[in-house]
Amino acid sequence: MLARVNSVAHIGLISVPVEVEVDVAEMGFPSFNIVGLPSKAIEEAKERVKTAIINTGCSFPRHKITINLAPADLVKDGSCYDLPIALGILLAGGEIAGNDTLNKSLVYGELSLDGSVRHSKGVLLVAIFARRNGFKSVYIPKNSSREAAVVDKIHIFPVDHLASLISHITGKNSIKRQKRVVIDNLMKQADSEFDFSEVIGQEQAKRALTIAAAGGHNILMSGPPGSGKTMLARALPGILPPLTSKEALEVTRIYSASGLLNPGEAIINVRPFRFPHHSTSLVGLIGGGSKPKPGEISLAHLGVMFLDEMAEFPRSVLESMRQPMEDGKVVVSRAAGRIEYPANFMLVAAVNPCPCGFFNHPKRQCICSIRQIERYKRRISGPILDRIDLHINVPFVEAEKLAGSGIRAQTSTEIRKRVTAARQIQTVRFGSDGEIYTNSQMKNKMVKLYCQLDQDEIRLMKMAVEKHSLSTRSYFRILKVARTIADLEKKDKIKIEHLAEALQYRMRVF
Amino acid sequence: MRVLEAADKNFPAGLKKITPKVKKLYSKGNFTKNLFIKSLTVVGARKMTQYGQRVIDNLLPPLVDSGITIISGFMYGVDQAAHKKALELGGKTIAVLGWGIDWSVGASDIKLYREIEEKGLILSEFENDLKPQLWMFPRRNRIMAGLSRAVLVIEAAQNSGSLITAGFALKFRKKLLAVPGPVTSAVSQGTNGLIKSGKAVMITSASDILNVMNWHESVKKKKSQPVNDSKDIIIKLLADQSLTVDEIALSVGQPVDKVSVKLSLLQLKGWVEEKEGKYYSKMDLT
């Protein structure tokens, strides 16, 4: 007898339907074969499925079993076909009788030898696929069901064991539907290691980070060791605005597809903050591998990627970020296919001014030669620096200079309120533009539209272009930063003071 | 390019008396004999600090206005800053190279090189495209000391090349001048040492140099400096020190974003300048 169960395959973040066809033939020697370009993990499903069925108390048909994963020319991978295969065998072997609702359902999940269903990756994508393609219900692992529950208008059946799926289908004991999870209720504020008020001094750096967070601008901090670059970056999550539900769904898709959601977790509810070490490979950063996986830049999508000691990263790795930084996405082409991952991240980078780190230090002597320093500075190429909106110096702070200064530092919560308000202005501004969330993502055309200057402002920019020999690209960067500064002050028009402040953060050779 | 033999009548007089003898001199640019009449060799550290830059910004304008030729060694740091300042002020400058006259300089130096070639003079004792090697720089230094009437040292570390030039200046009985620096700075140890040991005359202003050298008679009227808007609290603050944005904000008691705005505007007016994250005043300090 032949049985068909619907399931899904993921190619990157794109899901395609897969039909699991199971035939249990009356004639022929008992055997168990899977066809349809299965990977090693799927080949091994045979053992898991057979053992799970037996351990659930059902009989495994002693016949010739053939499984086809259609379409047959698409390479399939992963352990999520265990459940549909097991169900198909039981249906085709006549162990249980199917019902019509199965035609409109997706089955997805990995089996354990005792028949229980394990947390599987990509469940959110399954639910989204089901919703878009007119499926009524999905059967997914119970541990992962909250992921799917953010999608509305489909029935989600959390399956904890093969036995409960059987009794649900035979109508003995139906599975309770997973309640819908409302994303907005799950949003929370990220915890950061430090509060901004704990960072002593570095007022300019804090101000620049506030602007960066408000407009999603890339920022480069240059300063000697011990000046607080890393601490500032680590404090950054505390001032980032909370994710919107639309953003959260986008981020969670990536994390779900890469299996980075924990069992029971419904959604990524804080902005990602990734800090890859400088030994990270190109594939690790950009994404790739024989089965292309998202890299750090995609995992930092809509969040922050912090590159500490940026000059220590291999040049080739840094250069590979050029195109994703410009486009907000990365296309990974491998033998297994061409996959596009979103990569719209805010880059926070920290560098030392020279190899020894003490160039221009008030107390320590720099031991590098000028040539060494120049070579060190060239390690980050012009095009990469050109894509960074804010460039700041984080000088060494002499503690005694600050003692008793009496200035009360702003807390992260206070700063975050202003950042969030500025982001809301941007959300309204770009509401109709779809893809764009922040000022930093504006293309030149939009800069011209949203950053219009009056006569006085144009005159100032002309002077600045001449004085600092600004390139066209830096000119536009300054306008974008000025736009964010104006947004922080809730001003419609970009004024001289906004431009003047933005000029402070222009690119220098760090 | 032009070649000058020691016997040539145009051969700089200052070089005829020094040892080891200079046999030949290659030149590029505008060679005139009066270039050397009133000339000052300016040498100093490659790792110039903002202090060195400020000293050059302050000392050189009156000298260049008095028609003094600035001679230096085309090294990065003080040397190139002195060349640049002289050119910027429309003055005369001579670069004495420590390598073959035809050796092509790096991309970062080429702009200045062309400018000196066009408006000033480039000299070298070494022919063709001989690459710079360590032994050539002390030889070059003796020419720099020999060409001019006096050697001014701005920022020099212990055991630095600038001190070699200073040594030649004493040997050739030229006037040795030095600008004192902070006792905490490594690149002021050499200059302070020269002053302390009595080998160099301490220089604290351009008029010191003009006095010592008796260059007064031909001093032209000093060009007017930008007006010191002393009402501005930031300009006042930066008059005698270079500070980071944070330090300025702390001193004037204003938020850092407001201070940033002011600094940008002052910078566009050319009243303050920024180097390696620190701001300093471009106004005449005297």
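Residue numbering restarts at 1 for every chain, and letters A, B, ... go by the order of the sequence lines.
Judged purely by atom type and a 3.5 angstrom limit, B:Lys47 uses its side chain to pair as donor or acceptor with the backbone of A:Cys368.
Taking A:Glu497, A:Gln204, A:His498, A:Glu466 one by one and counting their heavy-atom pairs under 4.5 Å with chain B, the maximum is reached by A:Gln204.
Atom CZ of B:Arg114 sits in a sparse spot, with 12 or fewer heavy atoms from other residues, nucleotides or ligands closer than 6.0 Å. Atom NZ of B:Lys111 has 12 or fewer neighbouring heavy atoms from other residues, nucleotides or ligands inside a 6.0 Å radius. Counting heavy-atom neighbours within 6.0 Å of B:Lys196 NZ, excluding the residue itself, gives a total of 12 or less. Residue A:Ile458 places its CD1 atom among more than 12 non-hydrogen atoms of other residues, nucleotides or ligands, all under 6.0 Å distant.
Contacts between residues 71-79 of chain B and chain A, counted as heavy-atom pairs separated by less than 4.5 Å, involve B:Tyr76.
Atom OG1 of B:Thr244 is separated from atom CG of A:Asn393 by 9.0 Å, given to the nearest 0.5 angstrom. Atoms CZ and OG, from A:Arg506 and B:Ser264 in turn, are 7.0 Å apart once rounded to the nearest 0.5 Å. Taken from CG in A:Leu460 to CG in B:Leu265, the straight-line distance is 6.0 Å, to the nearest 0.5 Å. Here the CD-CD1 distance, from A:Glu203 to B:Ile248, works out to 14.0 Å after rounding to the nearest 0.5 Å.
Within the 4.5 Å cutoff, side-chain heavy atoms of A:Leu503 are placed close to those of B:Leu268.
Heavy atoms closer than 4.5 Å to chain A are found in both the backbone and the side chain of B:Asp257. Only the side chain of B:Val256 comes within contact range of chain A, with at least one heavy atom under 4.5 Å from a heavy atom of that chain. Heavy-atom distances place both the backbone and the side chain of B:Gln267 under 4.5 Å from chain A.
Look at B:Lys262 and A:Glu501 and you find no salt bridge, because none of the NZ, NE, NH1 or NH2 atoms lies under 4.0 Å from a carboxylate O.
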